[in-house]
Amino acid sequence: MYKILCLNKISPIGTKRFGESYTFSPEMASPDAILVRSASMHDMELDENLLAIARAGAGTNNIPVEDCAKKGVVVFNTPGANANAVKELVLCAMLLSSRKIGPAMDWVKTLKGQGAEVSKLVEKGKGQFAGPELSGKSLGVVGLGAIGILVANAAHSLGMEVYGYDPFLSVDAAWRLSRSVHRSMSLDEIYANSDYITLHAPSTPDTKGMVNAESLSKMRDSVRIINLARGDLVDSAAMLAALQSGKAAAYATDFPTDGMIGQENIIAMPHLGASTPESEDNCAMMAVDQVKEYLENGNIVNSVNLPSLSMAREPGTQRICVIHRNIPGAIADFTTVCGKAGINIENMQSKSRKDYAYTILDVQGGDTVAAAQSLETLDAIIRVRVISA
Ligand code: MLT
C-alpha cells in the first residue's frame with residue numbers, strides 16, 4: 001500500500017485515479033509521496049521514506065527543490081495543466097487594464113437609488129471610462145512556456161502585434177508558437193516595441209525585480225504591464241512611481257501589495273489564474289499520474305529537479321532505480337556491482353541534469369537486494385530503490 005500525504009485540497013477527479021493500492025490523507029506519518037498546491041514546504045521536515053513531491057501547478061517556489069534533489073526526492077510539477085485558465089485571466093487583465101471596466105462598475109454602483117434617472121446618468125457619465133482597444137497594439141510576452149505561448153497566440157488572434165522573448169525557448173514550445181509572433185532577442189527589444197507587456201517567467205535570482213526603474217525607463221510611454229506570474233518579478237515602488245508619473249498607464253497583477261490597493265490604474269486581484277474547476281482537475285490528474293508512474297515504475301515525467309527518464313518495463317525483470325550524482329565512472333561502477341552479484345542487466349537507461357543523474361536498470365537473476373546494498377555504498381549514490389517484477 002502506497003501512502004500519499006495531501007497538503008492541500010486536491011480535486012477528487014485526480015485522487016480517485018490512485019486506486020486501491022493507495023491511501024491518501026491530509027495527515028499521515030512517513031508518506032511515500034506528497035501532493036501539494038500552495039502550502040509552503042520550506043520549513044517542513046522531510047521523512048526519509050519520502051520518494052516524491054508533486055505540485056499540482058506550474059511554479060515550485062513553495063518547495064525546497066534543490067534540497068529534495070540532494071535527498072533523492074523527485075519533485076514534479078504539472079506544466080500546461082492550468083495554462084488555459086491562466087491565459088484566460090491574462091486576456092481579462094489586458095482588457096481590464098485598457099477599458100476601465102473595474103472603475104466603471106464601481107461608479108455604476110454609486111447610482112443606486114436614482115430610480116428612472118439611472119439610464120440618463122449612465123449615458124452621461126460613461127465618457128470618463130473610455131479606454132483603448134487591444135487590436136492593432138503591440139504585446140510583449142516575457143517567457144514562452146505553456147502559458148506564454150497560449151497568451152501570445154491568443155493575442156495575435158485578437159489583432160495584436162506580438163513579440164515574444166524567452167532565452168530558454170524549447171523546440172517543442174517553438175513548434176506551438178504562432179509563426180506570426182516576432183522573436184525578440186532581448187528584453188530591451190520587448191521594452192522598446194510593446195504597448196502591453198505580460199510576464200510569464202518563474203521567480204529566480206535572475207528574474208526577481210526585472211521590472212524596475214531602469215527597465216521601466218526603457219519601455220514605451222503609457223505601457224500597460226500584466227503580472228499574473230510571481231509578485232517579486234516587479235519592483236512595487238518603481239511600478240507605483242511609473243504609474244504616478246504617467247510612464248505606465250496601468251498595472252494588472254494578482255500579487256497586490258498593501259501600497260497598491262486602491263491606487264488608480266492598478267488592477268489588483270487575488271492569485272486566481274489557475275482557480276477554475278477545469279484547471280484544478282487537470283493539475284490533480286497530471287500530478288497523480290506522474291506520482292503513480294514514479295512509485296510503480298520508477299519513470300520520471302515532468303520533474304523540476306531530476307532528469308525526465310521513462311523506460312518500458314521488461315517483463316519478468318526487477319527494476320533498480322538509482323538517483324546519483326552526475327560524475328565520471330558512476331555507471332561503470334553500477335554495472336560492475338551487478339556483475340559481481342550475478343545479475344544480468346536486460347535493459348538500462350541513464351540521463352543527467354546538471355549535478356544529478358538517474359539510471360534505471362531492468363535486471364534478472366542474482367541477488368538484487370545485495371546488489372542494491374552494494375550500490376548504496378558507492379560515492380556517487382544518492383538513492384537506490386528496487387521495484388519488483
Ligand atoms: C502556478 O504556479 O501553477 C500558478 O501560479 C497557479 C497557482 O499557483 O495556483
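Order of appearance sets the numbers: ligands from 1, and atoms from 1 within every ligand.
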Could you tell me whether the side chains of Tyr251 and Asn227 share a donor-acceptor contact shorter than 3.5 Å? yes
protein heavy-atom neighbour closest to atom 4 (C) of ligand 1 works out as His271 NE2, 3.7 Å
Note to self: What I want to find out is whether Glu214 reaches Lys218 closely enough, with some N-O distance under 4.0 Å, to be called a salt bridge.
What the structure shows: yes
Item to check | Check: Asn212/Ser215 side-chain N/O donor and acceptor closer than 3.5 Å | outcome: yes
In this structure, atom 3 (O) of ligand 1 is nearest to the protein heavy atom Ala58 N, 2.6 Å
Taking only non-hydrogen atoms of Asn82 and a 4.0 Å limit, the atoms of ligand 1 in range are 1 (C), 3 (O), 6 (C)
Residue pairs passing the side chain to side chain donor-acceptor pair (under 3.5 Å) test with at least one member in residues 75-87, sequence neighbours excluded, are Asn84-Lys87, Asn84-Glu88
* Using distance alone, determine whether Ala274 and ligand 1 share an N or O pair under 3.5 Å. => no
Here the atoms of ligand 1 under 4.0 Å from any heavy atom belonging to Gly57 are 3 (O)
Taking distance alone, no hydrogens or angles, what donor-acceptor pairs closer than 3.5 Å link side-chain atoms of residues 28-45 to residues at least two apart or in another chain?
{"from": "Ser30", "atom 1": "OG", "to": "Asp47", "atom 2": "OD1", "distance (Å)": "3.3"}
{"from": "Asp32", "atom 1": "OD1", "to": "Asn49", "atom 2": "ND2", "distance (Å)": "3.4"}
{"from": "Asp32", "atom 1": "OD2", "to": "Lys3", "atom 2": "N", "distance (Å)": "2.7"}
{"from": "Arg37", "atom 1": "NH1", "to": "Lys9", "atom 2": "O", "distance (Å)": "3.3"}
{"from": "Arg37", "atom 1": "NH2", "to": "Glu280", "atom 2": "OE2", "distance (Å)": "3.3"}
{"from": "Ser40", "atom 1": "OG", "to": "His42", "atom 2": "N", "distance (Å)": "3.4"}
{"from": "His42", "atom 1": "NE2", "to": "Asn61", "atom 2": "O", "distance (Å)": "2.8"}

Heavy-atom proximity to atom 9 (O) of ligand 1, picking from Arg37, Arg55, Glu280, points to Arg55
Under 4.0 Å between heavy atoms, the region of Val86 that gets near ligand 1 turns out to be neither
